[in-house]
**Student:** 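Dropping the structure in here first, questions after.
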Amino acid sequence: MPHDAQRTFADHVGRFYARQYGFPPMAGRLLGYLFVCDPPQQTIDELGDALLASRSAVTGAVKLLESYRMARRTRVAGERVDRVSLDPVSQQPQNFDSAVHREHAALFREGLALLADAPPDRRAPLEEMVALAEFLSERLPALLDEWHTHRDELRRTGALPAPHN
């Protein structure tokens, strides 16, 4: 059974993910709980009991988190229930794909073409979005490399644990 502090943490994560990313609160709560629950693999019923939520609410949250590769289901041979846990991919840096930002810039340039004869103040929001997308597409690969170097140093010094294989 979860400690009140675990449920409180899950609620905080739920509110953060709802506010920042538009997640349904239950999905954020589930994500938060998966970070702190013991054991780290839980059945739908165990998750519902821990989070004081219905089986259908938990199942819907699991489906959403699976679609973002934040949670995964596994089944032990001989068991008739799935176990839900964090997906290891979820701890990897996300949204560093510069191709997405190049596509974003191209999309906004398409909008700029529609406003070719418009006054500068009308074009300004799209011009700024193009500039931001191009900046991100140029900088993110280097930033990701910097993160990997920093993470590897933290692992080398013991400040971060070695990855599980």
Side-chain angles (χ1 to χ4, degrees), residues 2-44 46-47 50-51 53 58-76 82-112 124-165:
H3 303 293
D4 286 341
Q6 289 174 312
R7 196 174 287 126
T8 299
F9 173 73
D11 289 344
H12 291 168
V13 173
R15 282 194 296 279
F16 176 83
Y17 273 78
R19 183 179 69 250
Q20 290 300 122
Y21 304 112
F23 273 36
M26 186 64 223
R29 290 180 66 221
L30 175 61
L31 180 63
Y33 187 67
L34 289 173
F35 273 109
V36 297
C37 64
D38 187 31
Q41 300 85 23
Q42 302 269 317
T43 67
I44 298 290
E46 289 168 338
L47 292 167
L51 295 171
V58 172
T59 300
V62 168
K63 286 179 183 176
L64 179 73
L65 293 178
E66 283 178 316
S67 74
Y68 285 101
R69 298 187 68 189
M70 299 173 106
R72 67 177 176 178
R73 294 181 213 219
T74 55
R75 186 173 290 193
V76 176
D82 291 335
R83 298 205 173 264
V84 179
S85 61
L86 289 174
D87 190 323
V89 171
S90 68
Q91 285 101 57
Q92 299 304 312
Q94 306 293 314
N95 302 318
F96 279 80
D97 183 358
S98 60
V100 170
H101 298 288
R102 284 192 301 274
E103 185 176 348
H104 209 184
L107 181 64
F108 287 126
R109 277 194 292 277
E110 181 182 332
L112 277 173
L126 283 171
E127 288 172 342
E128 187 164 334
M129 292 305 294
V130 168
L132 174 61
E134 288 173 343
F135 174 81
L136 291 172
S137 73
E138 293 168 9
R139 288 292 303 134
L140 285 177
L143 187 59
L144 183 59
D145 288 343
E146 289 175 35
W147 161 245
H148 286 143
T149 300
H150 180 71
R151 180 201 58 202
D152 293 347
E153 179 62 17
L154 291 172
R155 286 178 176 163
R156 189 188 65 70
T157 64
L160 277 180
H164 302 304
N165 291 332

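All residue numbers in this chain count up from 1 along the given sequence.
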**Student:** What is the distance from atom OG1 of Thr43 to atom CG of Asp82, rounded to the nearest 0.5 Å?
**Tutor:** 9.5 Å
**Student:** Which word best sums up how the rings of Tyr21 and Phe16 line up, parallel for under 30°, tilted for 30 to 60°, or perpendicular for over 60°?
**Tutor:** perpendicular
**Student:** What is the minimum heavy-atom distance between Ser137 and Pro141, and which atoms define it?
**Tutor:**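 Taking Ser137 first and Pro141 second, the nearest heavy atoms are O-CD, 3.4 Å.
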**Student:** Determine the minimum heavy-atom distance between Ala27 and Ala61, stating which atoms define it.
**Tutor:**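 So the two residues come closest at CA-CB, 3.7 Å.
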**Student:** Please say whether more than 12 non-hydrogen atoms of neighbouring residues, nucleotides or ligands are located less than 6.0 Å from CD in Glu128.
**Tutor:** no
**Student:** Under a 4.0 Å N-O cut-off, is there an ion pair linking Lys63 with Glu66?
**Tutor:**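 Looking at Glu66 together with Lys63, the answer is no, because their closest N to O distance does not fall below 4.0 Å.
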**Student:** Answer yes or no: does atom CZ of Arg151 have more than 12 heavy-atom neighbours from other residues, nucleotides or ligands under 6.0 Å?
**Tutor:** yes
**Student:** Are any non-hydrogen side-chain atoms of Pro163 and Arg155 less than 4.5 angstrom apart?
**Tutor:** yes
**Student:** Applying salt bridge (charged side-chain N to carboxylate O under 4.0 Å, His left out), which residue pairs with at least one partner in residues 12-27 are found, sequence neighbours left out?
**Tutor:** none
**Student:** I need the His101 NE2 to Leu140 CG distance, nearest 0.5 Å.
**Tutor:**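 Rounded to the nearest 0.5 Å, the NE2-CG separation comes to 5.0 Å.
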**Student:** Do Leu51 and Met26 have side chains that get closer than 4.5 Å, going by heavy atoms?
**Tutor:** yes
**Student:** Considering all heavy atoms of both residues, which atom of Pro24 and which atom of Leu64 are nearest to each other, and what is their separation?
**Tutor:** CD-CD2, 3.5 Å
**Student:** Drop me the distance from Leu65's CG to Leu31's CG, to the nearest 0.5 angstrom.
**Tutor:** 5.5 Å
**Student:** Among Arg72, Gln42, Glu46, Arg75, which residue satisfies the side chain to side chain contact (heavy atoms under 4.5 Å, CB included) criterion with Arg83?
**Tutor:**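 Of the listed options, the one satisfying the test is Glu46.
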**Student:** Before we go on, tell me: are the rings of Phe9 and Phe35 under 6.0 Å apart, centre to centre?
**Tutor:**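 No, the ring centres sit 6.0 Å or more apart.
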**Student:** To the nearest 0.5 angstrom, please state how far the CG atom of Leu143 sits from the CD atom of Glu138.
**Tutor:**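 Separation between the atoms: 13.5 Å.
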**Student:** Name all pairs fulfilling the salt bridge (charged side-chain N to carboxylate O under 4.0 Å, His left out) condition that reach into residues 97-112, sequence neighbours left out, sorted by first residue then second.
**Tutor:** Arg109-Glu134
**Student:** Listing request: all salt bridge (charged side-chain N to carboxylate O under 4.0 Å, His left out) pairs with a residue in residues 22-31, at least two apart in sequence or in separate chains.
**Tutor:**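 Residue pairs passing salt bridge (charged side-chain N to carboxylate O under 4.0 Å, His left out), neighbours aside: Asp11-Arg29.
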**Student:** Rounded to the nearest 0.5 Å, how far apart are CZ of Phe23 and OH of Tyr68?
**Tutor:** 5.0 Å
**Student:** Nearest 0.5 Å, what's the CG-CD distance between Leu34 and Gln41?
**Tutor:**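 Those atoms lie 10.0 Å apart.
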**Student:** At their closest point, which heavy atom of Pro40 faces which heavy atom of Ser85, and how far apart are they?
**Tutor:**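 Result for this residue pair: O-CB, 3.3 Å.
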**Student:** Looking at every heavy atom in both Arg73 and Thr59, which two are closest together, and how far apart are they?
**Tutor:**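 That closest heavy-atom pairing would be NH2-O, 4.2 Å.
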